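Heavy atoms only: backbone and side chains are in, while hydrogens, waters and symmetry mates are out. It should be emphasised that the depicted structure is a prediction, and the values quoted were computed from it without experimental measurement.
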Amino acid sequence: MKRSVFSTSLLQSLMTTSALAAGEHGEASSGSMERQRHALIENTQGKGYGPQSPRDIDQHAGGNERVFSAAPPHPEMNLCNIHFHKNAEHKGGEFTTYAGPGDGAGYQSGYRYSGQLSPSERAPVNEAVCAADHGGLQSGDTIEVHYVFSTADVKPGATLGACLSDAIGNPQLRVESQVFALVNDREALDFGLLTDLGMRDGRYQAVNIPDDTGVPVQYAGSTTGPAYNEKGSPFQVTWNVRPKVAKVDIRTVGEWCKGNIFDEDHAHGVRNLVTHPDLLSEIE
């Protein structure tokens with residue numbers, strides 16, 4: 001059976017993101033980011049794109065006129081994918097420290113935990129953690145984890161393609177987002193437990209998503225990733241972004257990268273923060 005147009009288009013966009021991740025990158029500048037933002041506005045203006053992500057969750061204003069129904073609460077959906085980005089894609093809450101413009105392709109940019117870590121928490125570990133061409137992870141780093149849910153009858157798997165099915169070409173999508181600070185502390189949270197899977201009421205769930213990191217900010221947005229720095233994402237996503245940061249033992253993140261059902265072995269890059277009002281929804 002042929003995949004739907006929705007499935008094919010989304011998978012193509014994911015391949016573009018993967019290609020960006022695999023390349024060699026230098027350093028960009030704030031001017032390069034502004035040029036990318038200008039290109040994004042030019043490439044979306046008057047073309048009917050819906051609200052985009054990521055955004056500053058502390059700023060609730062938005063002027064995008066495209067509307068869509070919010071996805072159901074995640075317990076009523078199937079978990080389909082878990083992945084993470086180095087540095088937070090979103091800004092706000094306890095992650096407001098700008099990491100800089102990065103390399104222009106999504107790495108070394110985004111936002112860091114704005115709180116304080118002790119010297120022992122920041123002490124480097126002597127092992128490679130989620131190593132990749134664009135660099136691995138180290139104590140003191142920030143990651144934003146995306147727990148992705150779909151209304152389709154699907155199982156957890158690799159890439160956002162796992163959120164789609166031939167039976168439903170346009171499922172509703174929801175992302176439960178949690179930002180973590182990576183610490184050298186064996187008493188901190190275990191990433192393996194945070195990504196543990198189970199069945200509840202016949203649906204696949206991530207059973208240990210933190211519930212003590214503040215009231216999530218829900219808003220209407222899109223898929224993210226640096227492939228969309230200069231073009232709009234056509235995919236509608238309901239976001240729940242928790243404002244407080246939790247601390248996780250960096251070693252457990254490294255163990256997860258060595259093997260998981262999502263085939264994730266490194267941190268993804270971040271999309272530039274979307275700031276133009278015409279590309280943002282209003283947060284109620």
Taken to the nearest 0.5 Å, the spacing of Asn272 CG from Thr224 OG1 works out to 11.5 Å
Under a 4.5 Å cut-off applied to non-hydrogen side-chain atoms, are Val274 and Leu280 in contact? yes
Looking only at heavy atoms, the pair that brings Ser109 and Gly100 closest together is OG-O, 2.8 Å
Requested in this report: State whether a side-chain donor-acceptor pair under 3.5 Å links Asn184 with Glu121.
Outcome: no
| message | Between Asp141 (side chain only) and Leu137 (backbone N and O only), is there a donor and an acceptor less than 3.5 Å apart? | response | no
For the pair Asn81 (side chain) and Val148 (backbone), establish whether a donor and an acceptor sit closer than 3.5 Å, ignoring hydrogens and angles. no
* Asked: Is the backbone N or O of Val237 less than 3.5 Å from a side-chain atom of Arg174, with the two atoms forming a donor-acceptor pair by type?
  -> no
Can you tell me if Glu284 has over 12 outside heavy atoms packed within less than 6.0 Å of its CD?
no
| What about the rings of His90 and Tyr219, do their centers lie closer together than 6.0 Å? | yes
What verdict does the side-chain contact (heavy atoms from CB on, under 4.5 Å) test give for Ser139 and Val125, after you've listed the backbone C-alpha separation in whole Å, the side-chain angles of each residue and the deciding distance to 0.1 Å? CA-CA 7 Å; Ser139 305; Val125 293; 3.9 Å; yes
Verify the cluster assignment for Ile82 and Val175: are they in a single hydrophobic cluster under the rule of side-chain heavy atoms below 4.5 Å apart? no
As a quick check of understanding, evaluate side chain to side chain donor-acceptor pair (under 3.5 Å) for Arg271 and Gln52, giving each step before the final call. CA-CA 10 Å; Arg271 184 186 189 185; Gln52 301 290 296; 3.1 Å; yes
Quick check on Asp196: does its CG atom have over 12 non-hydrogen neighbours (other residues, nucleotides or ligands) under 6.0 Å away?
yes
Give a yes or no answer on whether the side chain of Asp249 reaches the backbone of Leu189 with a donor-acceptor pair at less than 3.5 Å.
no
Query raised in the report: Does the side chain of Trp239 come under 3.5 Å of the side chain of Ser177 through a donor N or O and an acceptor N or O?
Result: no
### Message
Looking at Glu176 and Arg242, is any side-chain nitrogen of the basic one under 4.0 Å from a carboxylate oxygen of the acidic one?
### Response
yes
d(Leu160 CG, Cys80 SG) to nearest 0.5 Å is 7.0 Å
Any donor and acceptor pair, going by atom type alone, linking the side chain of Glu94 with main-chain N or O of Val245 inside 3.5 Å?
-> yes
Are Val179 and Val129 co-members of a hydrophobic cluster defined by side-chain heavy atoms under 4.5 Å apart? no
Under 3.5 Å, is there a donor-acceptor pair between the side chain of Arg112 and the main chain of Thr97? no
To the nearest 0.5 Å, atom CD of Gln172 lies from atom OG of Ser69 at 6.5 Å
Smallest heavy-atom separation, Pro210 atom then Leu194 atom, equals CG-CD2, 3.9 Å
*Determine whether the aromatic ring centres of His268 and His146 lie less than 6.0 Å apart.*
no
(request) Apply side chain to side chain donor-acceptor pair (under 3.5 Å) to Thr213 and Gln178, showing your working. (result) CA-CA 8 Å; Thr213 49; Gln178 174 64 56; 2.6 Å; yes
Do Glu76 and Arg203 sit within salt-bridge range, that is, some charged N less than 4.0 Å from a carboxylate O? no
- Task: Kindly indicate whether the side chain of Thr275, heavy atoms from C-beta on, has any atom under 4.5 Å from the side chain of Arg37.
- Result: yes
Check: Tyr49 main-chain N/O paired with Asn64 side-chain donor or acceptor under 3.5 Å: yes
When rounded to the nearest 0.5 Å, the distance separating CG of Asp278 from CD of Gln45 is 7.5 Å
Just so I know, are the side chains of Phe68 and Pro51 near enough to count as touching, which here means a heavy-atom distance under 4.5 Å?
yes
Open item on the list: Can you tell me how the ring of His85 sits relative to the ring of His83, calling it parallel under 30°, perpendicular over 60° and tilted otherwise?
Closed with: perpendicular
Worked verdict on Asp265 versus Lys258 for salt bridge (charged side-chain N to carboxylate O under 4.0 Å, His left out): CA-CA 6 Å; Asp265 61 5; Lys258 293 176 183 178; over 6 Å; no
Heavy-atom nearest pair, Pro243 first then Val215, reads CD-O, 3.4 Å
Under 4.5 Å between side-chain heavy atoms, counting indirect links through other Ile/Leu/Val/Met/Phe/Trp/Tyr residues: same cluster for Val253 and Tyr147 or not? yes
For the residue pair Val183 and Ile250, establish whether any side-chain heavy-atom pair is separated by less than 4.5 Å. no
Under 3.5 Å, is there a donor on one side chain and an acceptor on the other for Thr238 and Gln218? no
Verdict with reasoning, Phe180 to Thr142, per side-chain contact (heavy atoms from CB on, under 4.5 Å)
CA-CA 6 Å; Phe180 294 98; Thr142 298; over 6 Å; no
Closest non-hydrogen contact found for Ala220 with Ser281 is O-OG, 2.8 Å
Exercise. Check the hydrophobic clustering (I, L, V, M, F, W, Y; side-chain heavy atoms under 4.5 Å; chains of links allowed) and say if Val248 and Trp256 are grouped together.
Key: yes
#### Entry: Ile57 vs Phe95, side-chain contact (heavy atoms from CB on, under 4.5 Å): CA-CA, chis, key distance, verdict
CA-CA 10 Å; Ile57 60 170; Phe95 37 97; 4.1 Å; yes
**Asked** What about Val217 and Tyr113, same hydrophobic cluster or not, with Ile/Leu/Val/Met/Phe/Trp/Tyr joined at side-chain heavy-atom distances under 4.5 Å?
**Response** yes
Separation between CG (Leu173) and CZ (Phe235), nearest 0.5 Å, reads 9.0 Å
Rounding to 0.5 Å, atoms SG (Cys130) and CD1 (Ile143) come to a distance of 8.0 Å
Around atom NZ of Lys247, are there more than 12 heavy atoms from other residues, nucleotides or ligands closer than 6.0 Å?
yes
May I ask you to check whether His38 and Glu34 show a side-chain donor-acceptor distance below 3.5 Å?
no
> Phe149 vs His74 aromatic rings, parallel, tilted or perpendicular, using cut-offs 30° and 60°?
Replying inline: tilted
Heavy atoms of Gly93 and Ser114 approach each other most closely as O-OG, 4.4 Å
Apply side-chain contact (heavy atoms from CB on, under 4.5 Å) to residues Ile261 and Leu197 and explain how you reach the verdict. CA-CA 10 Å; Ile261 67 169; Leu197 307 182; 3.3 Å; yes
All heavy atoms of Lys86 vs all of Val270, minimum pair found to be O-CG1, 3.5 Å
Q) Relative to the ring of Phe84, is the ring of Phe191 parallel (under 30°), tilted (30 to 60°) or perpendicular (over 60°)? A) perpendicular
Q) Will you find, in the side chains of Gln116 and Arg122, an N or O donor that is under 3.5 Å from an N or O acceptor? A) no
- prompt: Side chain of Asn43, backbone of Glu230: donor and acceptor closer than 3.5 Å?
  reply: yes
Do Gln205 side-chain atoms and Met77 backbone N/O form a donor-acceptor pair below 3.5 Å? yes
Taking the side chain from Ser32 and the backbone from Gly104, do they hold a donor-acceptor pair closer than 3.5 Å? no
